[in-house]
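Positions are given from 1, in the same order as the sequence printed here.
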Amino acid sequence: MVSLMARPHFKHIYGPVYSWRLGMSLGIDPLTTDKKYCSFNCSYCQLGANRDVCLDRRAFVPVEEVVAEVKALEPHSQIDYLTFSGHGEPTLASNLGEMIRAVKSIRNDKVAVITNSSTVIRPDVQADLKLADLVLFKIDAADQKTFEVLAQPVPGLKLENIVRGIKDFKKTFKGKLALQMMFVAANKSWAPEMASLARDIAPDEVQINTPLRPGNEKPLSEAEMAQIKKCFISAGLSNVRSVYEEEKKECKPFDEHATVKRHGRYKG
């Protein structure tokens, strides 16, 4: 567990939570805004609606504030990943790379970034992401129409450009690259096409998910997700993980309110 030591309140870090994808994950929010700041308005997002989608990068949080909070953790606290996520799309923080360098200089934990992939075509974002040990890219569609229905992205954003950006990033990235794919009723019939897309990208791991946390979309059943996984296996992908098959563990966050704000109602 993570101890609070002499610091009674954290503003930018949250959790830890046990993640089926990452193990014991301590969240770092490089945005820390009152409202979600994101380039998408995904129909299933556990953080709620986001009517003001945006692709502008700017510094939201001073690096030294994040460093102070991470330093307040006990050196040997049980953490598998320091995970940059938070109240929106973390790559919209223009000082993300500085934060990654800073936390790596004071702790030995691995660093993960969970991104919706919208900014991966930008060279400055790629440079920041290459500092991480693990990058989880999200793709929930195999065609532009479904992408726009599910993600409701910034106008003009093209799925084909995102896919090309991930491929370009993968050529020089030295860490682990995972591809997240969320399945709901609107895209479950596209599982074979999404499996083909995943095979084309060739990530180190594919994570197929469905929204188990309470939100606006109902999760698919275990049987439906099992059929979807078969599509990925049939496509020749061997390292495929599914949310229903993974171990779940209880973990008490040090700040329940802060964790729910960024992570959703995870206990649901």
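Looking at Arg57, its side chain never comes within 3.5 Å of a backbone N or O of Leu92 through a donor-acceptor pair. Between the side chain of Glu69 and the backbone N or O of Lys11, at least one donor-acceptor pair lies under 3.5 Å. In this structure, the side chain of Thr210 engages the main chain of Leu220 through a donor-acceptor pair within 3.5 Å.
Listed by chain and number, the residues in a side chain to side chain donor-acceptor pair (under 3.5 Å) with Asn95 amount to none (sequence neighbours excluded). Residues passing the side chain to side chain donor-acceptor pair (under 3.5 Å) test with Thr119 are Thr91, sequence neighbours excluded. In terms of the salt bridge (Lys or Arg N to Asp or Glu O under 4.0 Å) criterion, residue partners of Arg122 (sequence neighbours excluded) are, by chain and number, Asp124. For Lys170, there are no salt bridge (Lys or Arg N to Asp or Glu O under 4.0 Å) partners, not counting sequence neighbours. In this structure Gln227 satisfies the side chain to side chain donor-acceptor pair (under 3.5 Å) test together with Lys230, sequence neighbours excluded. For Phe40, the ring pair (Phe, Tyr, Trp, His ring centres under 6.0 Å) partners two or more places apart in sequence, or in a different chain, are Phe147. In terms of the side chain to side chain donor-acceptor pair (under 3.5 Å) criterion, Asp204 has no residue partners (sequence neighbours excluded).
Identified under the ring-ring contact (aromatic ring centres under 6.0 Å, His included) test for residues 194-228, with sequence neighbours left out: none. Within the structure, ring-ring contact (aromatic ring centres under 6.0 Å, His included) pairs that include any residue of residues 88-133 do not occur (at least two apart or interchain). Pairs passing the ring-ring contact (aromatic ring centres under 6.0 Å, His included) check and including a residue from residues 189-225, sequence neighbours excluded, do not occur. Listed by first and then second residue, the salt bridge (Lys or Arg N to Asp or Glu O under 4.0 Å) pairs involving residues 178-196 are Lys188-Glu224 (not counting sequence neighbours).
Separation of atoms CG (Leu82) and CZ (Arg107) is listed at 6.0 Å; rounding is to 0.5 Å. The line from OG of Ser189 to CZ of Phe183 is 10.0 Å long, rounded to the nearest 0.5 Å. For the atom pair CD (Glu246) and CD (Gln207), the distance works out to 8.5 Å, reported to the nearest 0.5 Å. We find the CD1-CG distance between Ile79 and Leu22 to be 12.5 Å, quoted to the nearest 0.5 Å. Arg241 CZ to Trp20 CH2: the interatomic distance, rounded to the nearest 0.5 Å, is 6.0 Å. The distance from the CD1 atom of Ile121 to the CD atom of Glu160 is 10.5 Å, given to the nearest 0.5 Å.
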Give every donor-acceptor pair under 3.5 Å between a side-chain atom in residues 131-144 and any protein atom, sequence neighbours left out.
residue, atom, partner, partner atom, Å
Asp133, OD1, Lys104, NZ, 3.2
Asp133, OD2, Lys104, NZ, 2.8
Asp133, OD2, Val111, N, 2.8
Lys138, NZ, Tyr44, OH, 3.0
Lys138, NZ, Asp140, OD2, 2.8
Asp140, OD1, Met182, N, 2.9
Asp140, OD2, Tyr44, OH, 2.4
Asp143, OD1, Thr146, OG1, 2.6
Asp143, OD2, Lys145, N, 3.3
Asp143, OD2, Thr146, N, 3.3
Asp143, OD2, Thr146, OG1, 3.4
Gln144, OE1, Leu159, N, 2.9
Gln144, NE2, Glu148, OE2, 2.8
Gln144, NE2, Leu157, O, 3.0

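Hydrophobic clustering, with ILVMFWY side chains joined whenever heavy atoms are under 4.5 angstrom apart, groups Val113 together with Ile166.
Crowding of Asn108 atom CG: a count of heavy atoms from other residues, nucleotides or ligands under 6.0 Å not exceeding 12.
In the model, Ser39 has a side-chain atom that pairs as donor or acceptor with a side-chain atom of Ser118 under 3.5 Å.
Across Cys45 and Lys36, no two heavy atoms sit closer than the pair SG-NZ, 3.4 Å. Pairing each heavy atom of Pro90 with each of Leu96, the nearest pair is O-CD2, 4.0 Å. The two residues Arg199 and Ala235 come nearest to each other via the heavy atoms CD-O, 3.0 Å. Here the closest heavy-atom approach between residue Asp128 and residue Ser94 is recorded as OD2-O, 4.1 Å.
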